[in-house]
Each structure stands twice: as structure tokens, then as C-alpha cells.
Peer 1: 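Could you have a look at this structure, given as C-alpha cells, before my questions?
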Amino acid sequence: MRGWIAGAMMMVVPVTGQPDTSNPSGGLKSLPEPAETGDVSVEAALWQRRSVRSYSDEPLTLQEIAQLLWSAQGISDREQGLRTSPSAGATYPLEVDVLVTGVPELDDGIYRYLPEEHGLELRVPGDRRGALQDAAFGQTAIGNAPVVMVMSGVTQRTARRYGARAERYVHMEAGHAAQNVYLQGVALDIGGVVIGAFRDDRVSAALRLDRSEEPLYLMPLGRPR
Ligand SMILES: Cc1cc2nc3c(=O)[nH]c(=O)nc-3n(C[C@H](O)[C@H](O)[C@H](O)COP(=O)(O)O)c2cc1C
């Protein structure tokens, strides 16, 4: 049995490439535009993908965080509003938050990714990795990672169209998004691991999630040590 099983306000950042300083009291923080090409093929990324649970102390850059967020839920078709991950009926039930530390352009805190704006909105100030690690039965990957991505699902969005099947659809979608992040991470030399073993109520409290938002995956990310 794996060790991890046994152990079982608002401010926004925009898409123009430069942090938005025009609205310092609140609102959107823009993210750098995602890259459209890279040096690592899909085949190479598939060969190299592994779960990584130990990271160097070096923070990730805003550009890297933006790319990882875009790979999870970013807009890839502006005309139709379609995203990098497939979604049942394009109902897009996933919300993506990131715990960020050590990034010069951002205060430490928990931010919500806004796909349409390709921006960030501050939800909880400060370093909350300790609370999240506690919520995940002490899994050290969380406390050591400079960035932790959290994927949550709002099942009602999909249930309006698909009824009881929505629950499974939302879980499937978290898998699609997480695999995108794994593969994008390989291309950027960033490692991570999907974590499903945690106490929902504690994760929700640490992130101040809405009652409709069910945490599905925690994904610590950093440069492999
Ligand atoms: C649904 C799911 C839940 C997982 N939960 C955890 C977890 O809580 N902690 C952890 O360290 N790894 C977790 N993993 C990662 C697996 O342990 C890992 O994918 C597996 O050992 C295979 O290794 P690989 O990803 O390097 O190929 C989870 C994976 C999946 C798919």
C-alpha cells in the first residue's frame, strides 16, 4: 500500500503579459500570455511523465504558473470560449485555485484562476500550505512545493444538463485537467503529483471554498529536487 494511502476579498491578476497595476486596490491581476510552442514533444512528455513529490526551494516564475494554469483550464478558442481540457457539453464545472509563494509579482496567497480573463483573483492572503498539508494527512509534498494547484468541481453546472451523470463527468474532467498539467510540467521541467487523499472539509476551510465547490485534486508543483 502506498504511503499516502496508509496515512490515510478578492483581487484579480489580466492577459496582457504584464501585471496590472492600474487597479491596485482589488480586481484582476493579468497573467503573461501562454506559449503556443515548446521544445518537448507530446511523445517525449508522455515518456517522461512521473509523479514528483520533492522540489527545490526555487519559486516558479509567473510565466510558468500562467502556463500551468492555462494548460489546466485556459481558453484555447476565444470565439467559442472552449478550453484546453474537454468538458461535458462545455459546461465547465471545474474551478482552479493556486497557492503561490515566493513570486515577486504576487503576494503570497491563494488565487483563483479566471480562464476568460487569463488572470488571477486573490482569495486568501498569506502562505496556507501548512493548513493544506494538514488537510492531506501531512503529505510533505504540499508543504515543500512553491506552488500548489487545487481543482474543485461545481457539479450543479453540469447536472443542469446531464442530471445524475454529472458527478462522474466532473470527476473525469479533473483527470483531464490534471493530466494536462502533468504533461505541461514535463515540458517546463516542473514536477508535480496529483493528491486525492485529503479531508474535504479541511481543504474547503483552508481555501474558503464555496459550499457548491467540491475539492477534487491537490497538485503540488515545483522544480524536481
Ligand atoms: C486518483 C489519484 C489519487 C492519487 N492520490 C495521491 C495522493 O494522495 N498522494 C500521492 O502522493 N500520490 C497520489 N497519487 C499519485 C499516484 O500515487 C501515482 O500516480 C502512482 O504511484 C503512479 O506513479 P506515476 O504517476 O509516477 O506514474 C494519486 C493518483 C491518482 C490517479
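Counting starts at 1 for both ligands and their atoms, in listed order.
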Peer 1: Nearest to atom 24 (P) of ligand 1 by heavy atom, S51, G175, G192: which?
Peer 2: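 The option holding the nearest heavy atom is S51.
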Peer 1: Report the member of L216, V194, V193, I195 with the shortest heavy-atom distance to atom 13 (C) of ligand 1.
Peer 2: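 Minimum heavy-atom distance to atom 13 (C) of ligand 1 goes to V194.
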Peer 1: Please list, in number order, the atoms of ligand 1 under 4.0 Å from a heavy atom of G196.
Peer 2: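 That gives atoms 3 (C), 4 (C), 5 (N), 6 (C), 7 (C), 8 (O) of ligand 1.
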Peer 1: So if I apply the side chain to side chain contact (heavy atoms under 4.5 Å, CB included) rule between M149 and each of L99, D97, L69, V194, which one comes out positive?
Peer 2: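 The single option meeting the side chain to side chain contact (heavy atoms under 4.5 Å, CB included) with M149 is L69.
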Peer 1: Below 4.0 angstrom from a heavy atom of A197, which ligand 1 atoms are there? Numbered from 1 as shown, please.
Peer 2: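 Counting atoms of ligand 1 from 1, those under 4.0 Å from A197 are 8 (O).
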Peer 1: Using a strict cut-off of 4.0 Å, indicate which atoms of ligand 1 neighbour a heavy atom of R49.
Peer 2: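 Those atoms are 24 (P), 25 (O), 27 (O).
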Peer 1: Could you walk me through whether E167 and T155 pass side chain to side chain donor-acceptor pair (under 3.5 Å), step by step?
Peer 2: CA-CA 6 Å; E167 187 176 6; T155 305; over 6 Å; no
Peer 1: Is the shortest heavy-atom distance from the side chain of L60 to the side chain of V103 under 4.5 Å?
Peer 2: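 A side-chain contact is absent here, since even the closest heavy-atom pair is not under 4.5 Å.
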Peer 1: Around D201, counting heavy atoms of other residues, nucleotides and ligands shown, do more than 12 lie under 6.0 Å from its CG?
Peer 2: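 Counting neighbours around CG of D201, more than 12 heavy atoms of other residues, nucleotides or ligands fall under 6.0 Å, so yes.
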Peer 1: Quick one about S51 and Y182 (side-chain donor to acceptor, distance below 3.5 Å, no hydrogens or angles considered), yes or no?
Peer 2: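 S51 and Y182 do have a side-chain donor-acceptor pair below 3.5 Å.
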Peer 1: Are E64 and R223 close enough for a salt bridge, meaning some N to O gap below 4.0 Å?
Peer 2: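 Yes.
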Peer 1: May I ask you to check whether Y217 has an N/O atom sitting below 3.5 Å from an N/O atom of ligand 1?
Peer 2: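 Checking ligand 1 against Y217, no N or O pair falls under 3.5 Å apart.
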Peer 1: In terms of atom number and element, which parts of ligand 1 are under 4.0 angstrom from non-hydrogen atoms of R50?
Peer 2: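 Within the 4.0 Å cut-off of R50, ligand 1 contributes 24 (P), 26 (O), 27 (O).
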